[in-house]
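From a predicted model like this one, the values you see are computed outputs, not experimental measurements. By convention in this document, chain letters (A, B, ...) are assigned in the order of the sequence lines, proteins followed by strands, and residues within each chain are numbered from 1.
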Amino acid sequence: MSNTQKPRSSNFIRDIISADIAAGANDGRVATRFPPEPNGYLHIGHAKAICIDFGMAQEFGGQCHLRFDDTNPAKEDTEYVDGIKRDVRWLGFDWKDNLFFASDFFEQMYELAEGLIRDGKAYVCTLSEDEFREIRGTVTEHGKESPGRLRSTAENLDLFRKMKAGEFDDGHCVLRARADMTSANMKMRDPPLYRIRKQTHHRTGDKWCIYPMYDYAHPLEDALEGITHSLCSLEFQDNRELYDWVIDNTAVTTKPRQYEFARLNLTYTIMSKRKLRLLVENGHVSGWDDPRMPTLCGMRRLGIPAQAIRAFIDRIGVAKANSVVDVANLESTIRDTLNTQAPRVMAILDPLKVIVDNFDPDETDWLDASYWPHDIPKEGTRKVPFTRELYIERSDFEENPPKGFYRLSPGKEVRLRYGFLVKCTSVEKDDNGQITALHVTYDKSSRSGNAPDGRKVKGTIHWVSATEGLRVDVNLYDRLFGVEEPDAGGDNFLDHLNPDSLKRIEAIVEPSLKDSPPESAWQFERNGYFVVDNSTSKLTFNRTVGLKDSWAKKSEPKTSATPKKSPQPKSQATTSDSDRRARKRKGKGELQAALHASDPVLASRLSRYVEECGLSEKDATTLTSNRGVSDFFEAALKAGGSPQSIANWVANAVQSVAKDVGYDALRFTGEDVSDLTRLIDENVISSKGAKKVFAVMTESGGNPKELVETLGLAQISDPAAIQAMVDDVIANNPQQTEQFRAGNNKLFGFFVGQVIRASEGRAEPTLVNQILRKTL
RNA sequence: UGGGGCAUGGUGUAAUUGGCAACACGUCGGUUUCUGGUUCCGAAGAGUCUAGGUUCGAGACCUAGUGCCCCAUCCA
């Protein structure tokens, strides 16, 4: 799998893992996990997670565990466990012997919880749900502490053991983490770790009556299994702080890390488990495996190859932005993989009878027909029977052909694929003027498709013998919803159901298809890809996806089957909306004004910076936005140098690193920055060189002047030396040089970059620009 | 009102970590073809949410703003 890798584009998770390996984290080991709760069926959204979890492990020579997160006995069932295993396997992934259940760890989790209590990190809270909700606070107000926090360790331990022993009813009490009721992160406000649930668990039976919560169980499962990278979706970002809390405060020895990526959304599709369930329960579909469902078992019945799903997931990438992928993308990968995998056969979905007047009614001519077109390097043929009465597709005949129509019409000739050239001689109609049959004559000498006289026939159409053809059921599936984002409007998604998402028809197919096995995929030529349904004994074909049809697009562009998205202004709020927000929000600007009003020191510095140092009001405001920057700037100023230069460096570079570590933890002082700016202003180093020096100062501190020495970063301002580098770069990049001279001015930046890189950042940029412009 | 995230062609992702905004889907041409499929070639389409700033050079760094998503289940 790895040697066929195309130069694949990167993603942040891949970057993190390879950086970890490079740094020797976890001894270079990579372990991931796919952790479904066994309470429903897997859908294409899970396929993304599966491909990422298993794919990353595979790519880095690690392992991916399949783990059932069964911490809530009320919802879970073994039925789902089997379905999920089957689907993951079908998708093409193997967890080897790494099959786990959260319930495998209940005993250890319990022990660790007792440890937490002993360490004073957890307590039993007997507040009712409503009472706790009351004191928990809101997103904007701190919470208050539960009286349970005051209980002694011994008492907590005793209560917890009683919980375990079943001495309390459901909901009587709960074990909580002693975290932080004042945290801005609601997840950290003493979250429950264990609750009482007197229910039979699908694996542990009645052994337990307390069950761990997700936020407690999940990190422990990861740690206990030795997971290194715990990948999940975006909505768990707030939970990460708690995840780390659990890892740090329990006696586990490994430290798994959680990373979050965006879920998959698809146009014309809903992904919510709840809503999918509703479709099943209300009978809008036949079940979880209805081929219109985005479930893996549904997609499998629709005939989508697992390989196509994997290719699709690979194609859409991994990122943190919420987005909606166009299903056309999926359809493209389906056609792409089926193109080389599905043998070609002929089937008529909407029959129109054709009588070959000059063909012997008693004869059957068995013609050779290849299963594969010329461009697919596969062998194999079958025989198709040619008889006097045939069917062709109704849409392949036009009595009054529009321009560009090169199928059959009166007096015109077409090729019957793998058969003969035929010419339409007359049309039969019923009383309503409906065409009931066509009469044609065939050119006996054109057997297998070409006329000996070499005349060209543009049109080729497919056909099936009326007498030898097989009548089969065909399900013509279309997208379940008629709008791009059925999920957008909350619960009215049922209003958007596409009434034509399933058309059940009888079709006539060539007899070779008689014994085609369930799940075998075929291309019905000029129609689409079809799969033999695996749920009925009668031969039934499901349409997986149609072929691209550029004729349909050309001939009736207005009634296109795929509605176009109405161009919508992207994220434009209404004026009233933004007005309201503007009024409500107290911007940082206002907050700063308030700060200056309450801190006279900052206020006076601000005016001094403007008046004495000549800084812009904006710069001055930035440099007095808090005591941290301001004190730092003061110190730098005191050490001397150009106030504007220092201001620029403090406001940009210094602020950038201080944002991460804080002003107290900086490895350099204001004086150092003052020195650094002086080196720049005196042309000792280039600004690029200064950035290098600054990077080292940030990392390990040090005096700028000495660093310039030791790093050898003194600026090169000797025109001759720069000229040499310029000549070198031009010589080494003949192609770019040619392009630039041909007028691609954008390449100038490329050349500057090359020269500066060649000088390791030491060349004086203005000089480089001058010389480069002249030389080029 | 607090916190956590996100913002690049119509859509989904990239961008050597500050140096030619690229790839795929879709769209439109042409080519190939016994499938109006496939193949191949080509084109159009964004100057990176806005406004300032730093820099020789900003999609990337700084400041301020805007928009969207997530968080107050004893669900996961």
Side-chain angles (χ1 to χ4, degrees), chain A residues 9-11 35 37 39 69 71-72 75 129 132-133 136-141 170-171 174 183-187 189 192 194-197 213-214 218 234-235 237-241 260 262 267 315-326 328-329 332 335 339 344 373-376 406-407 415 417-418 448-450 457 459-462 523 525-526 547-552 554 564-565 567 570-573 578 581-582 584 586-589 616 618-619 621-622 625 648-649 651-653 655-656 687-688 691 736 739 744 746-747 749-754 756-757 764-766 768-769:
Chain A
S9 73
S10 189
N11 68 56
E37 184 186 14
N39 71 345
D69 218 348
T71 57
N72 187 350
K75 296 195 188 174
E129 243 182 290
F132 192 80
R133 212 190 306 277
R136 178 174 43 203
T138 67
V139 289
T140 53
E141 294 160 34
D170 282 15
V174 66
S183 173
N185 181 355
M186 295 292 291
K187 296 281 184 226
R189 317 248 260 236
Y194 269 92
R195 78 293 215 187
I196 302 170
R197 280 268 183 287
M213 301 289 296
Y214 167 87
H218 206 88
L234 248 32
E235 66 270 28
Q237 288 174 120
D238 288 342
N239 302 58
R240 188 178 56 233
E241 192 180 351
E260 312 87 10
T267 55
R315 195 182 267 194
I316 58 173
V318 183
K320 298 181 83 152
N322 292 315
S323 61
V324 185
V325 177
D326 191 340
N329 233 306
S332 154
R335 292 193 189 100
N339 179 39
R344 274 51 170 183
H374 64 98
D375 52 355
I376 288 173
Y406 48 79
R407 278 110 98 147
R415 173 167 31 239
R417 181 137 229 234
Y418 311 117
S448 92
N450 286 308
V457 176
T460 299
I461 63 175
H462 61 282
Q523 185 194 103
E525 290 206 49
R526 306 208 308 130
L547 256 26
K548 273 209 264 185
D549 189 349
S550 49
W551 169 246
K554 203 180 294 182
K564 286 280 172 284
K565 189 186 199 171
K570 199 176 172 185
S571 54
Q572 282 284 326
S578 56
R581 281 172 183 282
K584 271 184 106 171
K586 191 182 277 179
K588 265 195 193 170
S616 71
K618 201 165 171 191
D619 283 349
T621 307
T622 302
S625 60
N648 286 344
W649 271 82
N652 291 292
Q655 198 151 222
S656 177
S687 69
K688 190 109 170 179
K691 290 228 163 112
Q736 280 85 350
Q739 281 175 29
N744 184 356
K746 282 188 227 164
L747 275 170
F750 164 80
F751 284 107
V752 178
Q754 290 299 309
I756 294 203
R757 182 163 304 180
E764 188 185 321
T766 45
V768 172
N769 274 282

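- Between the CD atom of A/Glu235 and the C1' atom of B/rA72 there is a distance of 16 Å, rounded to whole Å.
- Within the 3.5 Å criterion, the main-chain N or O of A/Lys618 finds a donor-acceptor partner in the side chain of A/Thr622.
- Within the 4.0 Å cut-off from OP1 or OP2 of B/rA76, not a single side-chain nitrogen or oxygen of A/Lys75 is found.
- Projected onto RNA chain B by closest heavy-atom contact, A/Arg335 and A/Lys187 fall at different nucleotides, the more 5' of which corresponds to A/Arg335.
- Partners of A/Phe750 by ring pair (Phe, Tyr, Trp, His ring centres under 6.0 Å), not counting sequence neighbours: none found.
- Of the side-chain N and O atoms in A/Ser332, none sit less than 4.0 angstrom from OP1 or OP2 of B/rA24.
- Nucleic acid contact for A/Asn652: base, since at least one base atom lies under 4.0 Å from a heavy atom of the residue.
- Taking the nucleotide of RNA chain B with the nearest heavy atom to each of A/Thr622 and A/Asn239, the more 5' of the two is matched to A/Thr622.
- An anti base is found at B/rU50: its glycosidic angle is more than 90° from 0.
- In this structure, B/rG47 is classed as syn because its glycosidic torsion stays within 90° of zero.
- Using a 4.0 Å cut-off, no side-chain N or O of A/Arg757 falls inside it from OP1 or OP2 of B/rG18.
- Secondary structure note: stems in RNA chain B built from 3 or more consecutive Watson-Crick or G-U wobble pairs under 3.5 Å occupy B:2-7 with B:66-71, B:10-13 with B:22-25, B:27-30 with B:40-43, B:49-53 with B:61-65.
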What does the list of N/O pairs under 3.5 Å between the protein and nucleotides 20-23 of chain B look like, with a distance for each?
unit_1, atom_1, unit_2, atom_2, d
B/rC20, N4, A/Gln736, NE2, 2.9
B/rA21, OP1, A/Lys746, NZ, 3.2

